[in-house]
Amino acid sequence: MLYLHHSNQLEQLAQQFAQLQRENPLEPLAKEQVVVQNSGMGRWLSLQTAGYNGITANIRYLFPAEMTWELLRMVLAEVPEKDPCAPTMMRWRLFDIFLSEADEWPELARYLSGGAIAAWQLAAQVAKVFDQYLFFRPDWIREWESGKGASDDWQARLWWRVAGEQQLPHWVRLQERFAHALASIDPAVLPKRICFFSVPVLSPGYVQLLGKVAEYLDIHIYLMNPCADYWGDIESEKRKHKQQADVQDYFSVGNPLLASWGRQGRDFLDLLIEANADLDDVELFGEPDESTLLGRIQTDMLLLRMPDVMEWNAADTSIAFHACHSPMREAEVLYDQLLALFTAHPDVTPADVVIMTPDIDKYAPYLDAVFSSAPYPLPFSIADRSPGYAQSITNLCEHLLSIPQGRCDVESVLTLLEFEEVRARIGVDEAQVQQCRAWIRAVNIRWGTDAGMRPELGGANTPEHTWRYGLDRLLLGYAMPGEALFNGILPWNEVEGSQAEMLGRLQQVLEAVFELASWGRQTQSLAELKPAFPLFVGRSGGRRCAAASRVASLG
């Protein structure tokens, strides 16, 4: 049976999930299978369930692709443990083809001319696209495999070369076998139930599979739905005007935000309704607080009505925009806003706050730097980082290797001091790192190691605001404090006493960065690099491999 629980409040869905576990528990030692979109949602749901039930145990969180593959392996024989067409696996297959058969893909010659690094990056993007085709364009996959690569389309030929020729067991091919084998399967091999919590969208093929599986077990889908009415037939004004004049009257806009931004959720809801005629619908809608701007917008969507003209109230901060000049400043403003929120509303705790960003790997170092060294610490955790960021030393190596390819701006260099391994190596703590930041702001360092680096990156050939010039000001201010210029450099006189030791440690890091950044302007052959760096030289080329040696000097 397929059960659809939808609400405009995520807390209501979590409470309904906890109620299911409490009133209809599984057998002892049986795992609760829950499909989520990301690991952060799984942790949040565990905390919410523990809050309602007093305990959370034996819940297994999976991603949609993992759940799909496990269902296939339960029903079908001879299905490999791991999906051979998953993007992580497909990337390596494509990379090997691009390196060994570059001449056979003239359409990709511009990209493959960049060597192994370009081929590796291209393989990653193509692997993601092929993965989307498997779930959202299965008709293309069937057409390409039936034609055996005879099409002039390079994607069709590449798919046949990487998957069709080897008869890899992918989702589209196994789905057809799954539908026939499910009828004769013993229901005992299937889990008793599967829950999908706040998964915003699934492919049509996946929804069809769920419809078939729901005939043998219970599937509970907890879906965020901003509207209490059926809104599958609304269209935005733009799309409405594109329709023919004689059918325009059959389309309504309803709420413009839902019509223009909610198409994906609308189509997903329609797919679920069409997948199972016996769908059990559970509605858990709550009424927002209309005293705020955000509440009025949410209410308009909930009731599917056109918004009224709203008077601007400067005291209403339920929706706010902050323009910041850098990710670091964004993190600082966020911290200040959270402190103001907790001061104004004592009943709100950090556990009630979630911070969303489209690129967590970009913002994670800045959030960690600001929140971990703040004068009033707030408990926080960062979820959904890529595997490279799960290991700090891996992240450090990746950041070091990116320095020769950038401008050596302030944040890219100071991010090195946020790594515990670097701080331990040079002997500084977080408070001393903040002191270094204050010095760098005081001498107005912006970007570039020295004046020679700037013209190559489109800047002026001047030493001001470079790392070398700012460091010279700091060192000169300690050695020869005063107001007179020395060789065109104005001393900065605020470094004194024991601070000189910390300044020396900062210089140690900067000298390593200067040497590392110089590799970006050098050209050396593989034969020249091999004696010096035998462990690092490989297909990725000389510049990155030689730069990797600087890891040793920083820890």
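Along the sequence shown, the residues carry numbers beginning at 1.
Taking the ring centroids of F98 and W120, they lie at or beyond the 6.0 Å cut-off. Taking the centre of each ring, W154 and W159 stay at or above the 6.0 Å mark. A distance of 6.0 Å or more separates the ring centres of F197 and H220.
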Before you tell me yes or no, could you show the steps for T357 and I360 under side chain to side chain contact (heavy atoms under 4.5 Å, CB included), namely the whole-Å CA-CA distance, both residues' side-chain angles and the distance that decides it to 0.1 Å? CA-CA 6 Å; T357 174; I360 189 60; 3.6 Å; yes
Residues L284, V282; criterion side chain to side chain contact (heavy atoms under 4.5 Å, CB included); working and verdict: CA-CA 7 Å; L284 304 164; V282 181; 4.2 Å; yes
Please report the C-alpha distance between W144 and Q155 in whole Å, then the side-chain angles of each, then the deciding distance to 0.1 Å, and finally whether the side chain to side chain contact (heavy atoms under 4.5 Å, CB included) criterion is met. CA-CA 9 Å; W144 291 348; Q155 293 187 81; 4.0 Å; yes
Could you go through F285 and H6, starting from their C-alpha distance and side-chain angles, then the distance that decides it, and tell me whether this counts as ring-ring contact (aromatic ring centres under 6.0 Å, His included)? CA-CA 8 Å; F285 294 98; H6 48 159; 5.4 Å; yes
Under the side chain to side chain contact (heavy atoms under 4.5 Å, CB included) criterion, do Y335 and L378 qualify, and how do the steps go? CA-CA 9 Å; Y335 172 79; L378 297 175; 3.9 Å; yes
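D103 CG: 12 or fewer foreign heavy atoms inside a 6.0 Å radius. Heavy atoms from other residues, nucleotides or ligands lying under 6.0 Å from CZ of F135 number more than 12. Environment of CD in E287: sparse, with no more than 12 heavy atoms of neighbouring residues, nucleotides or ligands closer than 6.0 Å.
When all heavy atoms of P327 and K362 are compared, the pair lying nearest together is CG-CE, 3.8 Å. Across all their heavy atoms, Y366 and A331 have their closest contact at O-CB, 3.9 Å. In this structure, P200 and Q37 approach most closely via the heavy-atom pair CD-OE1, 3.6 Å. When every heavy atom of L174 is checked against every heavy atom of P169, the shortest pair comes out as CD1-O, 3.8 Å. Summarising the geometry of L341 relative to V348, their closest heavy-atom pair is CD2-CG1, 4.4 Å, with the distance given to 0.1 Å. Minimum heavy-atom separation, D83 to M89: O-CG, 3.7 Å.
To the nearest 0.5 Å, atom CG of residue L94 and atom CG of residue L158 are 5.5 Å apart. Taken from CG in L223 to CZ in F196, the straight-line distance is 12.0 Å, to the nearest 0.5 Å. Of the inter-residue distances, the one linking F130 atom CZ with L134 atom CG reads 9.0 Å to the nearest 0.5 angstrom. Atom CG of residue L271 and atom CG of residue L202 lie 9.0 Å apart, to the nearest 0.5 angstrom. Taking NZ of K31 as the reference point, atom CG of L62 lies at 10.0 Å (rounded to 0.5 Å). Considering SG of C195 and CG of L45, their distance stands at 9.0 Å, rounded to 0.5 Å.
Looking only at distances, no side-chain donor or acceptor of R137 sits under 3.5 Å from a matching main-chain atom of Q132. Between the side chain of R423 and the main chain of L417, a donor-acceptor pair closer than 3.5 Å is present. N53 contributes no side-chain N or O that, together with a main-chain N or O of Q19, makes up a donor-acceptor pair within less than 3.5 Å. In terms of modelled atom types and a separation under 3.5 Å, the side chain of W105 and the main chain of L112 share no donor-acceptor contact. With E66 contributing its side chain and F63 its backbone, the two residues share a donor-acceptor pair below 3.5 Å. The backbone N or O of N225 lies less than 3.5 Å from no partner atom in the side chain of N8, so there is not a single donor-acceptor pair.
In this structure, R60 pairs ionically with E70, as a charged nitrogen and a carboxylate oxygen lie closer than 4.0 Å. Salt bridge annotation for R161-E104: absent, with no cationic side-chain nitrogen under 4.0 angstrom from a carboxylate oxygen.
The aromatic rings of F371 and F380 lie tilted to each other, with the angle between the two planes from 30° to 60°.
In this structure the side chain of N24 reaches within 4.5 angstrom of the side chain of R193, judged on heavy atoms. Using a 4.5 Å cut-off on side-chain heavy atoms (C-beta onward), Y3 and I219 make no contact. In this structure the side chain of L20 reaches within 4.5 angstrom of the side chain of Y222, judged on heavy atoms. Put simply, the side chain of D267 does not reach to within 4.5 Å of the side chain of V201, judged on heavy atoms. Two residues are said to be in side-chain contact when any heavy atoms from C-beta on lie closer than 4.5 Å; C85 and M90 meet this criterion. Using a 4.5 Å heavy-atom cutoff, the side chains of L2 and L4 are not in contact. Counting heavy atoms from C-beta on, the side chains of V36 and V34 come closer than 4.5 Å. A 4.5 Å side-chain heavy-atom check between V172 and R142 finds at least one atom pair inside the cut-off.
No cation-pi contact links R157 to W160, judged by a cut-off of 6.0 Å to the six-membered ring centre and 45° from its axis.
Side-chain N/O atoms of Y363 and E330 include a donor and acceptor closer than 3.5 Å. Side-chain polar atoms of Q121 and Y111 form no donor-acceptor pair below 3.5 angstrom.
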